[in-house]
Amino acid sequence: MKTVLIVTNSGDLHADLVGASLLARDHRPFRLNLDAFPRDYQTCQWFAGGKLRNRIRRRGDPDWLDLDQVGAVWMRKPGDFVFPSDDLSPQELAFAIMETEHALYSLLYTLDCYWMSHPVALRAAQWKGEQLQRAARLGFRVPDSLITNVPDEVRRFQRETAGEMVFKSMSCPMLAAEAVPAGERVASALRTTIVDPAMMAGVDAVSQMPGHFQQYIPKSHELRVAVIGRRVFAARIHSQGDARTAIDSRDMSASILYEATVLPAELERRCVDFVRSYDLTYGALDLIVTPDGDVVFLENNPAGQFLYIEQLIPEFKMIDAVADALLEGARCR
């Protein structure tokens, strides 16, 4: 069987566990930790005689992995490149990063194999405004939403929105805290938040950068639907059982109930269709179920976390499902 390649960083527990699951199936994956690349790896790509060849190895290893022998790739998490020298000037470092990215993706994009998921598909699938349009086209109910850097448009949207309005980040709820040194962080997180009069008093700050505002939808409960290969795992989240999770269920300090649920067939098909429409083989959709039973689309996370769901619902064998999908994909190549 061809090799499973895992592209991630050294702190990725999901990759640790999927790697262990693959080893338990007598398959040793090749793990590329981007936060150790290229310092701890060597690559070689050459074109000769009408044929392109690519290979990679860990520094010090005698054997190369010929990328023709890669049957499946799991694109998990990014990492900042690191170089053998730690005294590069700012311009040297900037150029080294650009050249390294170019060399890396020149290798990866040549792979004709099973992807979970291809970088092009991942990038195309991450834009929140586009997701809303696509979800509506597939038949989901979608909340009224506004993405703008015009303060007066926010005021107009709030006046015209039935009920309350929330503010939510588009790229990262951690406010990019992980992208700056600890001593330079000014805030650590901003969950989805009801916009109150105090926030509206400072709404002119929106002119600094676009913000995402959305009609608040009252909830009965929430759904986290993970599509992994051919399998679907639907978790019912009783987010209204604690004030800390009533607006944003991601506050893990609250001990709310997560339980397995079975989606109506038509809703499950729609979730799968949404993920497949981007050529993704993994996606984690966040949905709301209203007190009247309507299902409302919030977003899809094309590389979203899933381990915490398995920890809260042990019968969900999602780690094994990822390993199974990668092995099945590799066998078919």
Table please: side-chain donor-acceptor pairs of residues 316-325 below 3.5 Å, with sequence neighbours left out.
from : atom 1 : to   : atom 2 : distance (Å)
K317 : NZ     : P314 : O      : 3.3
D320 : OD1    : S21  : OG     : 2.9
D324 : OD1    : R25  : NE     : 3.1
D324 : OD1    : R25  : NH2    : 2.9

For this session: Report yes or no: is the cationic atom of R134 (NZ for Lys, CZ for Arg) under 6.0 Å from the centre of the six-membered ring of F140, at an angle within 45° of the ring normal?
Result: no

Exercise. When the ring planes of F81 and F83 are compared, do they come out parallel, tilted or perpendicular, using 30° and 60° as the limits?
Worked result: perpendicular

For this session: Take the angle between the ring planes of F306 and W74 and call it parallel below 30°, perpendicular above 60°, tilted in between.
Result: tilted

For this session: Could I get the full list of side-chain hydrogen bond (donor to acceptor under 3.5 Å, both in side chains) partners for D112, not counting sequence neighbours?
Result: R333

For this session: Is it possible for you to check whether R58 lies under 6.0 Å from the centre of the six-membered ring of F30, through NZ or CZ, and within 45° of that ring's axis?
Result: yes

Exercise. Sub-3.5 Å donor-acceptor pair from the side chain of S89 to the main-chain atoms of E92, do we have one?
Worked result: yes

For this session: Assign the ring pair Y41 / F37 to parallel, tilted or perpendicular, where the plane angle (0 to 90°) is split at 30° and 60°.
Result: tilted

Problem set entry | R31: which of N9, T8, D12, D16 passes side chain to side chain donor-acceptor pair (under 3.5 Å) | D16

Seminar exercise, completed: With sequence neighbours left out, the residues meeting side chain to side chain contact (heavy atoms under 4.5 Å, CB included) with V203 are P151, V154, R155, M200, V206

Seminar exercise, completed: Closest non-hydrogen contact found for G71 with C113 is O-CB, 3.3 Å

For this session: Would you mind telling me which of R53, R57, K2 makes a salt bridge (Lys or Arg N to Asp or Glu O under 4.0 Å) with D66?
Result: R53

Exercise. What do you reckon, are the aromatic ring centroids of Y109 and H118 less than 6.0 Å apart?
Worked result: yes

For this session: Inspect the surroundings of CZ in R123 and state if more than 12 heavy atoms from other residues, nucleotides or ligands are less than 6.0 Å away.
Result: no

